[in-house]
Amino acid sequence: MIPGMPTSDAITIPPHLLPADGRFGSGPSKVRPAQVDMLAALGRTVLGTSHRQAPVRRLVARAKEGLLDLLGAPAGYEVVLGNGGSTTFWDVATCSLVARRAQHATFGEFGAKFAAATRAAPFLDEPDVREVPPGRLALPEATDGVDTYAWPQNETSTGVVAPVRRVGGDAALVVVDATSAAGAVPVDLAETDVYYLAPQKVLASDGGLWFAVVSPSAVERAATVAASDRWIPESLSFTTALANSRLDQTLNTPAIATLVLLVEQLDWLREAGGLEWAAARSAASARVLYSWAQSREWATPFVAEEALRSPVVGTIDLDDAVDARAVIAALRDNGIVDVDPYRKLGRNQLRVGMYPAVDPADVEALTACVDHVVERLA
Ligand SMILES: *Cc1c(COP(=O)(O)O)cnc(C)c1O
């Protein structure tokens, strides 16, 4: 058997049931053809040119402006960017933003990884970690001695969405992981000091960069930490990233293609109606997915509490009698890919990325395809 090729007993889904586009990954996620066309259009002029020259710096400037506009950032907020994705940003925040002690509301793998980063830092106090089992929501809580509050707005590993509200008073920073939320889940950025993301989820780009929309308080905190005697590696220095971002540059070479795909998607989202439009589109997909799951005897939304169900990453548990791995394999044979559950969650589950690039009609088609496969497997 050749991996990825249909086997002889493969299930063939009738073409009329198939989605127009079979990519439902939670990250990396579907890239729209128009984005790839833009990449091709810049293939001989901007790709393969210096990131210190105007054409690439203009891309960085457009990405910054596009994010501030799409996310409705308050006056005084600015965009900082650097290489390494959200995972690297956890280290940037650990080294450059947490003064002494962080609190983490942890309800899945991604929130837990940031908590592990501050726990491992020898120059910080033991973090205050508020943890609940997967599928539920932990909330931050004002606590003496905590100077940084951190949680994900959307926990991509479980499909739980969290409120974003200030906690801890004026002196504390609110640092929100919006990697899989920014641009599709409503937010009031005035409730945050640092709202960070990587562009390969909602924003349909490729990986490798981190972006953070930051308040003046975050800039001030970073300056205070940088002036202390803490050693901060240059690549993890927020103040260095900020100085470069203000010049529409990055400390070291960025992925230019990632910037092009991002800028094209930001334009598309804003022309279509902005965050409100994007949120409505993802919510429409989510309604289709969750109501379908509730109407099937063998499927159940993993997140029990309806208000916590993510509008962008839907997690659907399957009955023990239906092997999710077999369903996922049959879908893949038919060009429908990446509906795998988060690997460490270890559930008999489908996980569906419903970012704005995904057409709600394709989510509807996906449910019909799952029905078809489950009937044939039985
Ligand atoms: C994907 C994801 C990350 C990690 O992003 P990388 O760019 O791969 O480092 C972090 N947090 C959340 C919520 C994510 O969904």
Side-chain angles (χ1 to χ4, degrees), residues 23-31 63 67 71 80-95 97 102 104-118 131-132 134-135 137-138 140 149-164 174-185 187 192 194-213 235-236 241 250 254-255 257-259 261-262 265 282 303 308-315 338-345 351-358:
R23 291 171 292 174
F24 295 98
S26 296
S29 65
K30 176 185 168 186
V31 178
L67 284 168
L71 299 172
V80 184
L81 70 153
N83 281 308
S86 291
T87 300
T88 300
F89 189 75
W90 292 325
D91 295 331
V92 172
T94 299
C95 290
L97 292 173
H104 299 267
T106 299
F107 42 97
E109 278 300 315
F110 290 106
K113 285 181 183 188
F114 187 13
T118 64
E131 192 165 6
V132 296
L137 172 69
Y149 293 84
W151 69 96
Q153 185 179 17
N154 185 71
E155 181 44 82
T156 321
S157 66
T158 62
V160 167
V161 69
V164 172
V174 168
V175 177
V176 172
D177 181 349
T179 305
S180 60
V185 183
V187 70
T192 72
V194 180
Y195 190 74
Y196 64 94
L197 61 114
Q200 74 274 20
K201 312 258 166 116
V202 176
L203 299 171
S205 181
D206 224 336
L209 290 168
W210 58 261
F211 292 83
V213 187
S235 63
L236 302 180
T250 44
T258 299
L259 287 167
L261 296 172
L262 169 63
Q265 187 69 356
S282 288
V303 179
L308 302 183
R309 284 179 198 154
S310 169
V312 280
V313 175
T315 45
D338 296 346
V339 294
D340 309 64
Y342 190 77
R343 59 204 140 76
K344 278 205 218 144
L345 198 58
R351 183 175 59 144
V352 181
M354 302 177 289
Y355 302 126
V358 172

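We use all heavy atoms of the structure for the numbers below, so side chains are in, but hydrogens, waters and symmetry mates are not. Read the numbers this way: they start at 1 and go in the same order the structure lists the ligands and their atoms.
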K.L.:
Relative to the ring of Y196, is the ring of F89 parallel (under 30°), tilted (30 to 60°) or perpendicular (over 60°)?
P.N.:
tilted

K.L.:
Once rounded to the nearest 0.5 Å, what's the spacing between atom CZ of R23 and atom OH of Y355?
P.N.:
14.0 Å

K.L.:
Give the C-alpha distance, both sets of side-chain angles, the deciding distance and a yes or no for side chain to side chain contact (heavy atoms under 4.5 Å, CB included) between V174 and W151.
P.N.:
CA-CA 9 Å; V174 168; W151 69 96; 3.6 Å; yes

K.L.:
If you measure from CG on L137 to OG1 on T158, what distance do you get to the nearest 0.5 Å?
P.N.:
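With rounding to 0.5 Å, CG (L137) is 9.0 Å from OG1 (T158).
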
K.L.:
State the CG-CG distance between L262 and L81, to the nearest 0.5 angstrom.
P.N.:
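That separation rounds to 9.5 Å.
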
K.L.:
Does anything in residues 199-212 form a side-chain hydrogen bond (donor to acceptor under 3.5 Å, both in side chains)? List the pairs, not counting sequence neighbours.
P.N.:
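Passing the test, one end in residues 199-212: no pairs.
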
K.L.:
Strictly under 4.0 angstrom, heavy-atom based: which residues surround ligand 1?
P.N.:
G85, S86, T87, W90, F110, N154, T156, D177, T179, S180, A198, Q200, K201

